[in-house]
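Only one structure is covered here, and it is reproduced in the block below.
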Amino acid sequence: MKCVLVICDGLGDRPIEDLGGKTPLEAANKPNLDYLASVGINGMMHPIGPGITPGSDTSHLSIFGYDPYTYYTGRGPFEALGMGLPLGYEDIAFRGNFATVEEKDGDLIVLDRRAGRRFDEGDELARSLDGIELDSHADVEVRIEHSVEHRCAVILKGPHLSHKVTDTDPHTPRQPLRPCQPISEDEAARRTAEIVNLLTSKSNAVLSAHEASSRRKEMGLPVANAILLRGAGVRPRLPSLKERYGLRAACMAGAALYAGVAASVGMDLLNVEGATGTVEVDTLAVGMTAVEALTDYDFVFVHIKGADSAGHDGDWEMKMRMVKKIDGMIGVFRDNLDLESTLLVVSADHSTPCEVGEHTGDPVPIVIAGPGVRTDDIEEFGERQCARGGLSVIRGLDLMPMLMNLSGRTEKFGS
Ligand code: ZN
Ligand code: ZN
């Protein structure tokens with residue numbers, strides 16, 4: 001039996017007055033999702049646990065069946081893996097921003113955490129820093145690769161390194177770039193913090209002198225003269241879905257972070273034209289690619305980002321438009337998947353209520369449709385409706401065992 005798991009990032013929401021007290025999902029026109037609810041079993045899911053506000057990375061780990069409290073080792077390695085960078089288990093990976101800083105009384109003050117809205121120099125700046133030598137720590141290799149916009153991945157390779165170090169990113173503008181500090185007693189953490197600080201000052205010098213900086217100055221744009229680092233981590237050692245459940249799994253994700261979590265549990269990353277990770281995503285193309293991928297794979301994970309961005313922006317109209325787009329993709333599944341032999345699951349990794357503008361610990365709606373599913377009498381896919389469904393309330397960690405049960409892949413516990 002095959003399975004398609006669709007995670008709509010940040011889909012869950014709270015009642016909105018302008019929508020007559022409905023959530024954007026409840027208020028949106030979504031005939032295909034409603035159809036799925038009517039033929040499936042519905043419920044609510046706490047992606048990590050009741051009242052826990054999930055990050056997207058910890059939540060996806062949990063939904064894939066890996067307890068994030070055991071396995072989560074920071075966001076940096078997921079970004080790097082999702083970008084397709086080779087990452088050893090001893091390497092330390094960070095997420096990086098090209099940023100604008102100004103020197104003041106010996107501090108580097110962060111004027112802009114992302115060096116302006118317009119930023120096209122990521123590739124050449126990353127190249128100028130990739131492999132940079134850190135004289136006193138010549139045994140450490142520095143890899144820097146541009147991802148999108150102002151973002152990059154930074155990897156340290158070498159002996160005696162630790163991810164137990166603080167961010168240099170102050171996270172709010174007009175604050176000094178923070179010196180990296182060890183957060184554990186050991187020598188490796190102390191040494192890593194020292195290396196990061198050296199990297200900060202060396203990259204500041206290289207970037208300030210870079211030709212792109214003069215060019216940006218001439219154009220009146222903020223100069224990218226520093227990298228801010230955050231999310232230090234090591235690649236987690238996770239048993240793959242193949243080892244655990246015998247699944248050949250593939251992923252289509254809207255951004256590197258989600259692809260990285262999927263890669264870390266052994267999913268192959270499939271590229272889809274139009275899978276932009278923005279509200280512009282071509283959900284119909286993503287849907288067709290997922291259908292085609294089922295020829296080669298048992299399990300296909302589809303991640304759609306836009307609803308989370310709409311929630312962060314407090315834009316419930318946009319969230320409703322995203323629901324419509326997701327509904328279009330479910331329509332592709334309705335037309336092209338045989339629900340007699342395929343499980344189709346739709347849920348979210350957390351709620352991002354428009355009126356909060358941030359992730360919250362509210363549970364998310366979930367529907368499972370396909371063979372062997374005990375249906376209920378829910379006929380609409382929404383927060384309130386799913387709360388009355390036959391699945392009642394589950395945790396993210398429960399999902400994979402439930403899907404394996406439905407697909408006949410579980411073994412009896414006891415005799
Ligand atoms: Zn998320
Ligand atoms: Zn978010």
Side-chain angles (χ1 to χ4, degrees), residues 5-14 23-25 44-66 68 71-72 74-79 81-82 95 97 113-114 147-151 169 171-172 230-231 233 251-265 267 269 275-281 283 286 301-316 318-323 325-326 329 345-366 383 395-397 399:
L5 169 63
V6 179
I7 295 294
C8 313
D9 208 300
L11 180 67
D13 214 298
R14 292 180 179 176
T23 68
L25 177 62
M44 296 305 279
M45 179 168 75
H46 290 288
I48 296 179
I52 308 293
T53 300
S56 288
D57 42 12
T58 47
S59 173
H60 276 83
L61 268 181
S62 182
I63 291 168
F64 296 153
Y66 300 81
Y71 290 110
Y72 185 62
R75 185 162 174 154
F78 291 133
E79 289 267 348
L81 284 170
R95 308 173 71 208
N97 269 19
R113 289 184 61 246
R114 46 198 286 188
S147 57
V148 289
E149 298 168 327
H150 55 282
R151 287 193 276 273
D169 185 345
H171 296 278
T172 38
R230 63 189 190 281
C251 147
M252 271 164 275
L257 177 70
Y258 319 96
V261 181
S264 73
V265 302
M267 292 191 207
L269 305 183
T276 55
T278 67
V279 291
E280 307 302 327
V281 54
T283 48
V286 173
F301 159 61
V302 178
H303 168 264
I304 302 286
K305 171 78 179 157
D308 180 55
S309 313
H312 282 291
D313 291 345
D315 187 344
W316 50 262
M318 179 57 77
K319 203 164 192 179
M320 287 172 66
R321 276 207 292 282
M322 273 313 299
V323 171
K325 282 190 146 188
I326 292 163
M329 181 174 71
V345 185
V346 182
S347 191
D349 60 343
H350 49 79
S351 298
T352 310
C354 292
E355 291 191 346
V356 181
E358 253 311 328
H359 302 184
T360 64
D362 304 305
V364 295
I366 177 168
E383 288 86 343
R395 293 186 187 223
L397 276 178
L399 181 62

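All ligand and atom numbering here is 1-based and tracks the order in the structure. The analysis underlying the following values was restricted to heavy atoms, covering all of them including side chains, and did not include hydrogens, waters or symmetry mates. Bear in mind the structure is a predicted one, so any value in this text is a computation, not a measurement.
- The closest approach of Asp349 to the Zn ion (ligand 1), by N/O/S atoms, is made by OD2.
- His350 lies close to the Zn ion (ligand 1), since one of its N, O or S atoms is found at a distance under 2.8 Å.
- Partner of Phe64 under the ring pair (Phe, Tyr, Trp, His ring centres under 6.0 Å) criterion, out of Phe301, Tyr71, Tyr258: Phe301 alone.
- The ring of His60 has its center no closer than 6.0 angstrom to the ring center of Phe78.
- Residue Lys319 is tested with Asp9, Asp13, Asp313 for a salt bridge (Lys or Arg N to Asp or Glu O under 4.0 Å); the sole match is Asp13.
- For His312, the nearest N, O or S atom to the Zn ion (ligand 2) falls under 2.8 Å.
- The N, O or S atom of Asp308 lying closest to the Zn ion (ligand 2) is OD2.
- Of all N, O or S atoms in Asp9, the one lying closest to the Zn ion (ligand 1) is OD1.
- Contact annotation: Ser59 places no N, O or S atom under 2.8 Å from the Zn ion (ligand 1).
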May I have the step-by-step check of side-chain contact (heavy atoms from CB on, under 4.5 Å) for Ile304 and Met322, ending in yes or no? CA-CA 9 Å; Ile304 302 286; Met322 273 313 299; 3.6 Å; yes

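- For the residue pair His350 and Ser56, a side-chain donor N or O sits within less than 3.5 Å of a side-chain acceptor on the partner.
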